[in-house]
Amino acid sequence: MKAVCWMGKEDVRVLNVPDPKILNERDAIIKITRTAICGSDLHLYNGYIPSMMQGDILGHEFMGEVVETGKGVSNLKQGDKVVVPFTIACGNCFFCQHEMYSVCDNSNPKPEGQETAYGFAGSGLFGFSHLMGGFAGGQAEYARVPFADVGPIKVPDSIEDEKVLFLSDIFPTGFMAAENCNIQEGDTVAIWGAGPVGQFATKSAFMLGAEKVILIDHYQDRLDFAKANNENVETINFDDTEVHDKLKDLTGGRGPDSCIDAVGLESHGTTPDAILDRVKAAVFLATDRPHALRQAIFCVRKGGTVSIPGAYGGFMDKFPIGAAFNKGLTFKMGQTHMQAYMPKLLAAVEEGKIDPSFVISHRLDLSEAPTAYDSFNNLKNDWRKVVLKP
Amino acid sequence: MKQNQEKSITDILTNMNTNVSPTERVVSATAGGALLAYGIKRGDTFGILLSIVGGGLALRGATGHCQVYDAMDIDKGEAPTNKRLANKKSATYQNGLLSGKVHVKKSLTINKSQAELYAFWRNFENLPKFMAHLESVKTTDGNKSHWVAKAPMGTTVEWDAEITSEQENERIGWKSLEGADIPNSGVVEFKPTTNRGTEVKVTLTYEAPGGALGAMFAKLFGEEPSQQVYGDLYRFKSLMESGEVISVEGQSSGREPQAKKAAA
């Protein structure tokens, strides 16, 4: 089959690789009908995530048709149309039973790496480095899906692929980010990063009752896109506006009730802290560049919440713990507990409350993946969300 | 003071007192290695400077000892690490390099009842399903069993064992009989919790082939006994909780010899 393989920093290639096989009884093989490139794939593309190996198959946002099931899978059959969550979870451990699927105990076959780096290991993830289990991803013609009786969600044949594809990651991720803000009547939510997760966090914040959302980025097209797609969205372009002052302005001096960092470890920025981060990352003295996160902590109102859906991997410098402590902030973060959100968000799509395909900007053939990665990485204004068709 | 500054490289290498925390060691070693490699690749004056700094960082990470911290009287080595190191050292020296006993203790909490876990373990023929180095265990009579384990270079080692103590649902102890290639004994204990499943504790003792020196060599090749036992316990947990031990062995990748550029 054809698969998008990571061959090194800024080097992905479409290679002919062997078709996947059932390796465990609870596996299924999916023939992929649609797959997408995630902003977090760019962290891999740019070489920020350790433990990638040349030849790893990328991709964690995919859906398709069941073609084979292992002996342990009784709820799926050949021909079922399914969307696959990017977190792999067993459904049996303490964490799964408490709906914390992304920290499943039994889905990472190589827990030692994360145990060394983080103390304990989280769940396995598709196509996201050997630290996350080393699972082959879904930017391919077929994929092997472990714990297929727990992960993939069946969707009606009648529904278009593009309307449900993003149940695989970014819609639940944006939704959990908003839910983590514990939104109350009259709340204003500020969101850093107007990429696809920021766009879904915006929609989700409104679904959960936010009065106003303020989106912060420096890609004007992405900010304009959010404005065009939502009422009551304010935007701040940090290239020409001082963010903290503007946020106070827009909230009568109170500051936003909660702040979402939908940027993650490659935060851009032109302030001294952001420039120092770049230098330190370049000489390997730090791994993560948390400019947006620092700003969110600084800007959020007293007693507010900082919610982090953006991915982080290692260490950060100058964490403003004084601001966080003295303002009495709450922090919520983590990989999305996908399986907990997919059924209700599928229902929202079916009821017509949201059409997640609004976020798509480009549709390409799987074989064009190298161009897609390069453009998505370098032309962020235009290339908002890429869907690949195998 | 001057003497202090003139420590030889041998002194530095043999000074194993850690004063750098484990996390910092990992970062230091990784960053140092990268800088060293980059510096060498550059090859110019700046590159040489970089590789000197990188080498220093890498050495600091590898040995866990920072000369700068030393000079500043800083000790960030974590107490448990030092204690473990101290224990290992005393084991090596007390028992002699060629006749060391290896003693490993590991615990994990498993989301299953005490009775289920006990019953599965009590049937020793189940052990090779999660103990990676066992090839087979056959029960020969109620309390006795014959064990076959994989050894380096495709060989095997065998021994007979018997159950030495047993409390239903709580504890099983076993010990190899006279004449075992690797004399060994073990205890597994199952302790219920309020609502978190069962705490399982495994204690193993064995005469490492080649003694402590053998264990040290094994460690160099990634076969550290405590890691092995932990891996076995982790597989036991996965098998009991999820019914299988998830694997990525044999999955597709662009590394396979047959992988080639797709005709676009």
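These values consider heavy atoms only, across backbone and side chains, with no hydrogens, waters or symmetry-generated copies. Letters A, B, ... are given to chains in the order of the sequence lines, protein chains preceding strands, and every chain is numbered from 1.
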Greatest number of heavy atom pairs closer than 4.5 Å to chain B - which of [options]:
options                      : answer
A/Q97, A/E115, A/M1          : A/E115
A/R26, A/K110, A/K21, A/R144 : A/R26
A/E368, A/M53, A/M7, A/E112  : A/M53
A/P146, A/C93, A/C5, A/G72   : A/C93
A/P50, A/P111, A/G91, A/A3   : A/P111

Can you say whether the rings of [X] and [Y] are parallel (under 30°), tilted (30 to 60°) or perpendicular (over 60°)?
X      : Y      : result
B/W121 : B/F130 : tilted
B/Y234 : B/Y230 : perpendicular
A/F126 : A/F62  : perpendicular

Self-check item: Nearest-0.5 Å distance that lies between atom CG in B/L134 and atom CG in B/L127
Solution: 6.5 Å
Self-check item: Residue selection (most heavy-atom pairs with chain A, distance under 4.5 Å) from B/M240, B/E244, B/R196
Solution: B/E244
Would you mind checking which part of [X] comes under 4.5 Å of any heavy atom in chain B, side chain (CB onward), backbone (N, CA, C, O), both or neither?
X      : value
A/L366 : neither
A/H130 : side chain
A/D19  : backbone

Practice problem: Would you mind checking which part of B/K112 comes under 4.5 Å of any heavy atom in chain A, side chain (CB onward), backbone (N, CA, C, O), both or neither? | Solution: neither
Quiz item: Above 12 or not: heavy atoms from other molecules or residues under 6.0 Å from NZ of B/K150?
Solution: yes
Quiz item: Got a salt bridge between A/E25 and A/K71, using NZ or NE/NH1/NH2 to carboxylate O under 4.0 Å?
Solution: yes
Quiz prompt | Test item: B/N111 side-chain N/O and B/E241 main-chain N/O as donor-acceptor pair under 3.5 Å | solution = no
